[in-house]
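The block underneath contains the structure these notes are about, expressed in structure tokens.
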Amino acid sequence: MSKSYYEVLGVAKDASADVIKKAYRKLAMKYHPDRNQGNAEAEEKFKEATEAYEVLSDLQKRQIYDAYGKEGLKSSGYSGPGSNEDIFSHINDLFGDLFGFGGGGRGGRRRDPNAPVQGEDLRYDIHISFMEAIHGVNKEVEVTKRETCWTCEGSGCRPGHKPETCPTCHGRGQVVRSQGFFQVSTTCPHCNGTGQVIKEPCQDCHGEGLVNKSKKVSIRIPAGVDTGSRMRLSGEGEGGRRGGPSGDLYVIIHVDEHEHFLRDGQTIFLRLPLSMVKASLGCEADVPTVHGTAKLKIPAGTQTGHRFTLRGEGVPSLRGGGKGDMVVEAKVLTPTKLSKEQKELLKQFESLEKNQEEEGFFSRLFHGHLGKQKKKKEGKEKVANG
């Protein structure tokens, strides 16, 4: 920021706190992101005005700035509002939450009833299909929320009117009651802690400063999300009041299950049915994956439960770095409805297999018996000669 803070707000160096406040509110309403969506120049001017107001509205910071400039502020520990994402949080720290505390903010300062108030964050739960989660998808959803009433600019008052100081708490937002030896401070029931009352409410928002509206929001869901993934859409929450920024919209992802695929992190699992013949003889199978079809060589004699791994056929990483793997588990199918001819062929196969098994069994048994006899004889000869 090359301009001085006074130049940014367009006020003189001896401007009063009220003049500075009015100048900031005017700039905030003009360059507010809700009114200038996609306008980078307006966003930058809004941030500059916010930084200037944060310094000039604080008596101690203003004195340091007037005497030593921005370098003096840095030496005193002030580093500015910070990143783009937390600039508005510094505004909240400066003014306090309008409804969060009563008579004063941090350090015992009295809350400013005209300070900008940031809008509330919202949550939206969205369901997507299994494949949409794998590949990513663009969704357009309709969100009903309270937005800043631009008729009254979020003040809640009819144009041309202003809020008045609450006669019950005299603008403090708190009332003090004595109970024996103690004094108890509670939120003012007349103004609900705002310190002000609106006698001429806005005809559109009825004094709330916010109006209900439905808005279509585009959501770009990246590839690789899973149930529980959360996305933050900055500025898509409820509208702010008195020039305050909008809250954020948090989108919570829910992924539907798939009929055949099962997911565990970046790994995809699939159970592949194989006929008894293909499993016995071996084959090359076309395996469906979440990315298309892949060739898989099935060796002869494959049994149910045998697992094969297809590299890079799994879920893309949200942080980059490629895809996970796919694990294919063989499931050998036993035929249930056989024709007469098929039964005869299986009986012949069984007969051949049985003969081979019997021959192998008796061969192992016979050779095993001879081997034992030979070892026994060699043992006896060794003892006799020993």
Side-chain angles (χ1 to χ4, degrees), residues 124-141 217-233 250-339 341-350 352-353 356-357 360:
Y124 188 91
D125 290 78
I126 186 171
H127 288 262
I128 62 175
S129 71
F130 187 90
M131 287 302 185
E132 287 175 335
I134 300 298
H135 300 289
V137 65
N138 290 321
K139 291 283 187 179
E140 186 176 73
V141 300
V217 180
S218 296
I219 305 173
R220 171 57 186 165
I221 299 176
V225 296
D226 203 354
T227 294
S229 295
R230 188 177 75 162
M231 300 176 58
R232 182 174 71 91
L233 277 66
Y250 288 89
V251 180
I252 310 300
I253 307 294
H254 300 271
V255 181
D256 297 333
E257 293 183 356
H258 195 273
E259 183 180 1
H260 302 293
F261 296 116
L262 182 66
R263 176 180 177 180
D264 182 10
Q266 285 186 257
T267 305
I268 296 292
F269 293 88
L270 173 70
R271 182 168 288 179
L272 180 67
L274 291 171
S275 70
M276 184 177 66
V277 175
K278 288 183 177 180
S280 300
L281 301 178
C283 66
E284 187 176 67
D286 289 327
V287 179
T289 74
V290 293
H291 303 290
T293 303
K295 294 286 185 181
L296 178 62
K297 187 175 181 180
I298 307 295
T302 295
Q303 302 294 311
T304 292
H306 186 86
R307 290 187 169 188
F308 305 90
T309 300
L310 295 175
R311 302 294 180 188
E313 292 292 347
V315 183
S317 172
L318 279 171
R319 300 179 180 85
K323 305 182 184 71
D325 299 329
M326 179 174 175
V327 176
V328 181
E329 183 178 302
K331 181 182 179 182
V332 181
L333 302 177
T334 302
T336 55
K337 295 181 180 180
L338 298 172
S339 65
E341 184 179 1
Q342 288 174 324
K343 289 180 180 179
E344 290 297 328
L345 289 172
L346 283 178
K347 286 179 180 179
Q348 293 178 29
F349 175 78
E350 183 186 25
L352 293 171
E353 191 178 44
Q356 290 177 352
E357 288 179 351

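Note that the coordinates shown come from a computational prediction; the quantities given were computed from them, not determined experimentally.
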**OP:** Return the set of residues passing salt bridge (charged side-chain N to carboxylate O under 4.0 Å, His left out) with Arg230 (not counting sequence neighbours), or none when no residue passes.
**Re:** none
Original post:
Under a 4.5 Å cut-off applied to non-hydrogen side-chain atoms, are Leu346 and Met276 in contact?
Top reply: yes
Original post:
Between His291 and His135, how do the two ring planes meet: parallel, tilted or perpendicular, split at 30° and 60°?
Top reply: perpendicular
Original post:
If you round to the nearest 0.5 Å, how far is CD1 of Ile253 from CD1 of Ile219?
Top reply: 7.0 Å
Subject >> Lys331, NZ atom: more than 12 neighbouring heavy atoms under 6.0 Å >> reply: no
Subject >> Any side-chain heavy-atom pair of Ile128 and Val225 under 4.5 Å >> reply: yes
Original post:
Say you draw a straight line from NZ of Lys295 to NZ of Lys297; how long is it, rounded to the nearest 0.5 Å?
Top reply: 13.5 Å
**OP:** Kindly state each residue pair satisfying side-chain hydrogen bond (donor to acceptor under 3.5 Å, both in side chains) with at least one member in residues 251-260, sequence neighbours excluded.
**Re:** Asp125-His254
**OP:** Write down the atom of Leu233, the atom of Ser218, and the distance for their closest heavy-atom approach.
**Re:** CD2-O, 4.0 Å
Original post:
Does atom CD of Glu284 have more than 12 heavy-atom neighbours from other groups under 6.0 Å away?
Top reply: yes
**OP:** Could you point out which residue of Arg263, Met326, Lys323 forms a side-chain contact (heavy atoms from CB on, under 4.5 Å) with Val315?
**Re:** Arg263
Subject >> Expected output: side-chain Thr227 to main-chain Val255 donor-acceptor under 3.5 Å >> reply: yes
Original post:
Of all heavy-atom pairs between Arg307 and Val327, which one has the smallest distance, and what is that distance?
Top reply: CD-CG1, 3.8 Å
Original post:
Shortest non-hydrogen contact from Ala223 to Leu318?
Top reply: O-CD2, 3.3 Å
Original post:
How far apart are the closest heavy atoms of Pro273 and Arg271, and which atoms are they?
Top reply: CD-O, 3.4 Å
Original post:
How many angstroms lie between CG in Leu310 and CD1 in Ile268, if you round to the nearest 0.5 Å?
Top reply: 11.5 Å
Subject >> Results of side chain to side chain donor-acceptor pair (under 3.5 Å) for Gln266 - residues two or more places apart only >> reply: none
**OP:** Compare all side-chain heavy atoms of Glu313 with those of Val290 and state whether any distance is below 4.5 angstrom.
**Re:** no
Subject >> Donor-acceptor contact present, side-chain Asp325 to main-chain Gly312, <3.5 Å >> reply: yes
Subject >> Value rounded to 0.5 Å, distance of OG in Ser275 from CG in Leu281 >> reply: 8.5 Å
**OP:** Locate the shortest heavy-atom distance separating Arg220 from Met231; write the atom from each residue and the value.
**Re:** O-CE, 3.0 Å
Original post:
Taking atom CD1 of Ile298 and atom NZ of Lys278, what is their separation to the nearest 0.5 Å?
Top reply: 10.0 Å
Subject >> Separation of Lys347 NZ from Gln342 CD (nearest 0.5 Å) >> reply: 13.0 Å
